[in-house]
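All heavy atoms count here, side chains included; hydrogens, waters and symmetry mates do not. What you see is a predicted model; the values in this text were computed from it and never measured.
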Amino acid sequence: MQDTAKQVAEYLLQIKAIKLEPTNPFTWASGWKSPIYCDNRKTLSYPEVRTYIKKAFAEVVMEKYPEVEVIAGVATGAIAQGALVAEEMNKPMVYIRSSAKAHGMTNLIEGEIKPGQKVVVIEDLISTGGSSLKAVQALREAGCEVLGMVAIFTYGFQKAVDNFTENNCKLDTLSDYNIMIDRAQEIGYIKAEDVDQLKEWRKDPASWGV
């Protein structure tokens, strides 16, 4: 998994799905100032990267959760990722909306799922884990057994660790913030002096740069 984590991090940097700007930070929707911006939807536009991630997802799911019956993607970023993994594994696939439809069947879960089925949730990015865990809760309320979640990337915030622990949900990721920083330095994407700023941000993102 260490080799996979390094390769995924390198791909994300190469295609600029992850951008690092320690001296010219981004502003997130939350208002946080951040030296990193991550948009894993970009991976879908690069067949080599898309295929690598799809196969890496499938390998993790098969290794960790061989009893899985259904793959679930979290809307909207992981709908396509979930479909790719389900196709690779020849499993049924559903996706979970951020909120129920206001018309028709008012579905929160799209696709066919039955109480008691064992589900693995696919996500593209973990920040605090709040929205991802709402999808887990929706599946549990539908009577499913959520085996765990697998995501492309996590910032590794303590808040996310705590949230997943409190919700009794296992989380695996293909790569993470620490591995990405190390890889970015190895390939010359960032300078050594940038590393301290990047690590400092992760400790207290809400106050960084204020």
Legend entry - Minimum heavy-atom distance between Gly77 and Arg41, given as atom pair plus value: N-NH2, 3.6 Å
Legend entry - Shortest non-hydrogen contact between Trp208 and Pro25, atoms and distance: CZ3-CB, 3.6 Å
Quick one about [Y] and [X] (side-chain donor to acceptor, distance below 3.5 Å, no hydrogens or angles considered), yes or no?
X      : Y      : value
Gln158 : Asp162 : yes
Thr173 : Asp176 : no
Thr27  : Lys33  : yes
Thr43  : Gln81  : yes
Ser45  : Arg50  : no

[atom1] of [X] to [atom2] of [Y]: how many Å apart, nearest 0.5 Å?
X      : Y      : atom1 : atom2 : result
Lys19  : Asn24  : NZ    : CG    : 11.5 Å
Met89  : Met62  : CE    : CE    : 5.5 Å
Glu63  : Asp172 : CD    : CG    : 8.5 Å
Leu139 : Ile113 : CG    : CD1   : 5.0 Å
Lys54  : Glu88  : NZ    : CD    : 4.5 Å
Glu123 : Leu133 : CD    : CG    : 9.5 Å

Legend entry - Over 12 foreign heavy atoms within 6.0 Å of CG, Asn168: no
Legend entry - Identified side chain to side chain contact (heavy atoms under 4.5 Å, CB included) partner of Phe153 from the options Ile126, Val8, Leu174, Leu125: Leu125
Legend entry - From Ile36, Asp182, Ile18, residue fulfilling side chain to side chain contact (heavy atoms under 4.5 Å, CB included) relative to Tyr177: Ile36
Inset, instruction - Give a yes or no on whether a salt bridge exists between Glu69 and Lys91, defined as a side-chain N under 4.0 angstrom from a carboxylate O. - result: no
Inset, instruction - May I ask you to say whether Glu10 pairs ionically with Arg183, meaning some side-chain N is under 4.0 Å from a carboxylate O? - result: yes
Should [X] and [Y] be regarded as members of a common hydrophobic cluster, given that ILVMFWY residues are connected when their side-chain heavy atoms come within less than 4.5 Å of each other, either directly or indirectly?
X      : Y      : result
Val85  : Ile79  : no
Ile152 : Leu84  : no
Val161 : Ile179 : no
Leu12  : Leu198 : yes

Legend entry - Derivation and outcome, side chain to side chain contact (heavy atoms under 4.5 Å, CB included), residues Cys169 and Arg140: CA-CA 11 Å; Cys169 182; Arg140 287 173 173 167; 4.1 Å; yes
Inset, instruction - Answer yes if the ring centres of Tyr155 and Trp28 are under 6.0 angstrom apart, and no otherwise. - result: yes
Inset, instruction - Among Glu48, Lys42, Lys6, find the one that has a side chain to side chain donor-acceptor pair (under 3.5 Å) with Tyr11. - result: Glu48
Hey, does [Y] have a side-chain heavy atom less than 4.5 Å from the side chain of [X]?
X      : Y      : value
Glu110 : Arg97  : yes
Lys199 : Ile181 : yes
Val121 : Val150 : no

Inset, instruction - Apply the test side chain to side chain contact (heavy atoms under 4.5 Å, CB included) to residues Arg202 and Phe157: give CA-CA distance (whole Å), side-chain angles for both, the deciding distance (0.1 Å), then the verdict. - result: CA-CA 7 Å; Arg202 218 267 304 272; Phe157 296 143; 4.0 Å; yes
Inset, instruction - Could you tell me whether the side chain of Asn40 and the main chain of Asp124 form a donor-acceptor pair under 3.5 Å? - result: yes
Inset, instruction - State whether the side chain of Asn163 and the backbone N or O of Thr128 hold a donor-acceptor pair below 3.5 Å, judged by distance alone. - result: yes
Legend entry - Pair Lys118-Glu67, salt bridge (Lys or Arg N to Asp or Glu O under 4.0 Å): steps then yes or no: CA-CA 7 Å; Lys118 294 176 170 62; Glu67 68 273 40; over 6 Å; no
